[in-house]
Amino acid sequence: MKKRQYEFEHLHYDNLKENITIPQFQRSLVWSESQKEAFIQTIKEGKPFGSILVYKTMEKYEIIDGLQRFTTLRDYENNPAKYLDIKTDSYAEITEIIKLIQPCVPNLSFEKIEKNVIDGIRNELNKYSLEDKLLFRKIQKAVVGGYGDAIPREQEYQIEDLIIKLIDIWSKDIDFRELRIPTIIYTGDRANLPDIFERLNTGGTKLSRYEVFASTWNSVQLHINNNDYLEYIEELYKKKCERTNLAISNYEEGIVKQKKVLSLYELCFAFGKKIKDACKILFAAYSDTQEDQVDSIGFTSLATILGIPLKKLAILDQYITKNTNINNLMALLDKIVDAYVKIQDYLKNYISTVDGKNFTKFIEAQVLAILGTYFKIYYKVNGDLSVSQINTSKILKENFKKFMPYTYLYDIISEFWAGSGDRKLAEELQKPLEENRYVHLILESKWETLLYDWMQSQENKKSKNVSIENKLFLNFLSKTKIEWHNNSLKYDIEHIIPKKRIADKDLDVSVSAIGNLCLLPLCDNRRKKEETVYEYLDRTSEITTIDEEKAQQLYYPTRSELSFIRAGMDFNKDNYNRYLHDRNNYLIKEFLKLVR
């Protein structure tokens, strides 16, 4: 057995919080609110809790494991109200405060006063520390200040005393001056820290594979002169410092742009941000990650273009090393971004509208397959990562531009990429280009079978919300009817038979099936409210942007098709489902005209 490379101590929390830092390879915060609350409750009850692992450098401690525990303590210290169960059932003092106020304002109910008291306490605790010597006055003012002179001075003093008792109770929940943290201090070689970090995080709250790369790829340091990439990493560490309220080892604001050195992990992280920023339409469904959260698309895009299967993504550092030609690498990344921009350009009229609505469904394997196909058509990546343009037939290029958008829709409706997307991606990109799915027209018979099954399945679902697949299909269908690039009108996706009309009949039917949806000019749609287009046109004397002919050009049903919902007619489940079935057949017929 080798000599032990760690020591164990109980360190004062106050000492740790002033001297702790985060290594750059540490993960983002991953604990849920319930996990944080459970941890704080454990400490309040005086029960044992897990240790933290640190590496000591001079008087500072780098936290290797236990970041969530430590930052939860910091969060509780700064925001105790988040963790306090402030209600009358928990503290008799709150009930006493309410009872002192109630006789002075007899027009208010107990519940109303209770809400005012609890809101006042929470608001002040959110603004001020429990150690603030004037906190009791601030809470007292918040609790009784809204009642003017209605509360006599004597009651105010009594309320003040009760607030002081509450603050004393809360302050003793966790006495930070006495709190000691079980701490393991690693005394071995600092170069081993990333490996230790990865091993420790194979259990508990799992690291994503991308967060593991932050440690395993730490040795690949690359000199980068691209300010965009450097700025993304500056923002990453600034956000991480703000979220943890801790410093990061070897980082101070501006140092990334000053040194111009990124690890392979940092480069891929920044590359993901670069792709998303360049293609906001294509990645609209993937745009809600926080600035310090990993966008996998940067890692997977680079691996795909280098021919690395996603399940072997961890070996990317064998392809890109500290000796890699940086100019070639950055030129390759630029080509990948340009490819995504071009793909977005081919798709944008199908997946977005002129007024900014996006109907995209992000499936990573699908997007990577389209990217890989585009690259195979136009480029070859050489061993030194330089990119050569290749002479592919003009027909292949034209076919990709023409057929790819429809295959994109087909794959989403058919759920082609569900389940084993990584395997299908590898298979697709290993095919000869002439056999690739994105350069071929899908047979009309395959479309007909798919659309019939898809629409039929919707008739049996009772969803009231419009699915992204339905929105996307309608946008494709209407593309030839609405010239998005020169049409200034805004459009809504609308229920042909309004939801309220169906609800009023208490029909157990699929309200948002594709057969009951259409695109309508927004201004007319908002004016017609719960009417059909024909009821609206018959009623209004205002100038409209739509008429019967234009409505039917947008695949709106005829008057006779909607006659069953008129007053006195048989608006029932059977007739509604018959209407849906007929509409489905009509929409399939119209769509097939587009793909011939």
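Every heavy atom of this structure was used, including side-chain atoms; hydrogens, water molecules and symmetry mates were not.
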**Lys431 atom NZ, neighbour heavy-atom count above 12 within 6.0 Å** = yes
**Message:** Is it true that, when you exclude Asp538 itself, more than 12 heavy atoms of the residues, nucleotides or ligands shown sit nearer than 6.0 Å to its CG?
**Reply:** yes
**Least distance between heavy atoms, Trp447 atom then Leu592 atom** = CB-CD2, 3.7 Å
**Message:** Within the 4.5 Å heavy-atom criterion, are Asn475 and Lys471 side-chain neighbours or not?
**Reply:** no
**Item:** Distance flag, aromatic centroids of Phe403 and Tyr406, threshold under 6.0 Å
**Value:** no
**Request:** Answer yes or no: is there an ion pair linking Lys280 with Asp277, defined by an N-O contact shorter than 4.0 Å?
**Result:** yes
**Message:** If you count every heavy atom of other residues, nucleotides or ligands that lies below 6.0 Å from Tyr586 atom OH, does the total exceed 12?
**Reply:** yes
**Asked** Considering only heavy atoms from C-beta outward, does the side chain of Tyr534 approach that of Leu562 to under 4.5 Å?
**Response** yes
**Message:** What I want to check is whether the side chains of Asn470 and Gln458 have a donor and an acceptor closer together than 3.5 Å.
**Reply:** yes
**Message:** If I take atom CG from residue Asn516 and atom CD1 from residue Ile502, how far apart are they, to the nearest 0.5 angstrom?
**Reply:** 5.0 Å
**Message:** What's the separation between atom OG in Ser563 and atom CG in Asn575, rounded to the nearest 0.5 Å?
**Reply:** 9.0 Å
**Message:** Any salt bridge linking Glu590 with Lys593? Criterion: basic side-chain nitrogen under 4.0 Å from a carboxylate oxygen.
**Reply:** yes
**Request:** Could you walk me through whether Phe473 and Phe476 pass ring-ring contact (aromatic ring centres under 6.0 Å, His included), step by step?
**Result:** CA-CA 5 Å; Phe473 178 80; Phe476 267 74; 8.2 Å; no
**Asked** Going through the checks in order, is the side-chain contact (heavy atoms from CB on, under 4.5 Å) test met by Leu519 and Ile493?
**Response** CA-CA 5 Å; Leu519 275 165; Ile493 287 183; 3.7 Å; yes
**Message:** Let's go through Ile297 and Glu364 carefully: what are the C-alpha distance in whole Å and the side-chain angles of both, what is the deciding distance for side-chain contact (heavy atoms from CB on, under 4.5 Å) to 0.1 Å, and is it a yes or a no?
**Reply:** CA-CA 7 Å; Ile297 198 67; Glu364 188 168 43; 3.9 Å; yes
**Within 6.0 Å of NZ in Lys44, more than 12 heavy atoms from elsewhere** = yes
**Asked** For Glu530, does the CD atom sit with more than 12 other heavy atoms under 6.0 Å from it, leaving out its own atoms?
**Response** yes
**Prompt:** Between Lys424 and Glu428, is there a salt bridge with N-O shorter than 4.0 Å?
**Reply:** no
**Request:** In sequence, state the C-alpha distance, the side-chain angles, and the governing distance for Asn525 and Tyr491, and then conclude on side-chain hydrogen bond (donor to acceptor under 3.5 Å, both in side chains).
**Result:** CA-CA 8 Å; Asn525 187 44; Tyr491 286 78; over 6 Å; no
**Message:** Taking the side chain as everything from C-beta on, heavy atoms only, tell me whether Ile497 gets closer than 4.5 Å to Phe571.
**Reply:** yes
**Request:** Give the intermediate values and the outcome of side-chain contact (heavy atoms from CB on, under 4.5 Å) for residues Val509 and Leu580.
**Result:** CA-CA 10 Å; Val509 295; Leu580 272 190; 6.0 Å; no
**Item:** Check ion pair Lys550-Asp524 (N to O, under 4.0 angstrom)
**Value:** no
**Message:** Any heavy-atom pair between the side chains of Glu469 and Ile412 that's under 4.5 Å?
**Reply:** yes
**Message:** If you define the side chain from C-beta out and look only at heavy atoms, does anything of Tyr374 sit under 4.5 Å from Phe400?
**Reply:** yes
**Message:** Any heavy-atom pair between the side chains of Tyr408 and Ile351 that's under 4.5 Å?
**Reply:** yes
**Request:** May I ask you to check whether over 12 heavy atoms, not counting those of Glu448, lie within 6.0 Å of atom CD?
**Result:** no
**Asked** Step by step, would you call Ser301 with Tyr340 a side-chain hydrogen bond (donor to acceptor under 3.5 Å, both in side chains)?
**Response** CA-CA 10 Å; Ser301 296; Tyr340 272 126; 2.7 Å; yes
**Asked** Do Glu535 and Arg539 pass the salt bridge (Lys or Arg N to Asp or Glu O under 4.0 Å) test, and can you show the C-alpha distance, the side-chain angles, and the key distance before you say yes or no?
**Response** CA-CA 6 Å; Glu535 291 167 340; Arg539 170 186 58 81; over 6 Å; no
**Asked** Is a side-chain donor or acceptor of Asn126 paired with a backbone partner of Arg122 at a separation under 3.5 angstrom?
**Response** yes
**Asked** side-chain contact (heavy atoms from CB on, under 4.5 Å) between Glu542 and Arg527: does it pass, once the steps are laid out?
**Response** CA-CA 10 Å; Glu542 299 177 10; Arg527 288 176 190 162; 3.5 Å; yes
**Asked** Salt-bridged, Arg596 to Glu444, with N to O below 4.0 Å?
**Response** yes
**Message:** For Lys500, is there an ion pair with Asp504 - N to carboxylate O distance below 4.0 angstrom?
**Reply:** yes
**Request:** Taking the side chain as every heavy atom from C-beta outward, state whether Lys357 and Asp492 have any pair of such atoms under 4.5 Å apart.
**Result:** yes
**Asked** Side chains of Tyr438 and Gln366: closer than 4.5 Å at any heavy-atom pair?
**Response** yes
**Message:** Does this structure show an ion pair linking Glu548 with Arg559, if we count only N-O contacts that are shorter than 4.0 Å?
**Reply:** yes
**Asked** Does the pair Lys401/Glu398 count as a salt bridge with the N-to-O cut at 4.0 Å?
**Response** no
**Message:** Once salt bridge (Lys or Arg N to Asp or Glu O under 4.0 Å) is applied, what residue pairs with a partner in residues 432-442 remain, sequence neighbours excluded?
**Reply:** Asp411-Arg437
**Message:** Walk me through whether Tyr265 and Phe299 qualify under ring-ring contact (aromatic ring centres under 6.0 Å, His included).
**Reply:** CA-CA 8 Å; Tyr265 167 82; Phe299 297 79; 5.7 Å; yes
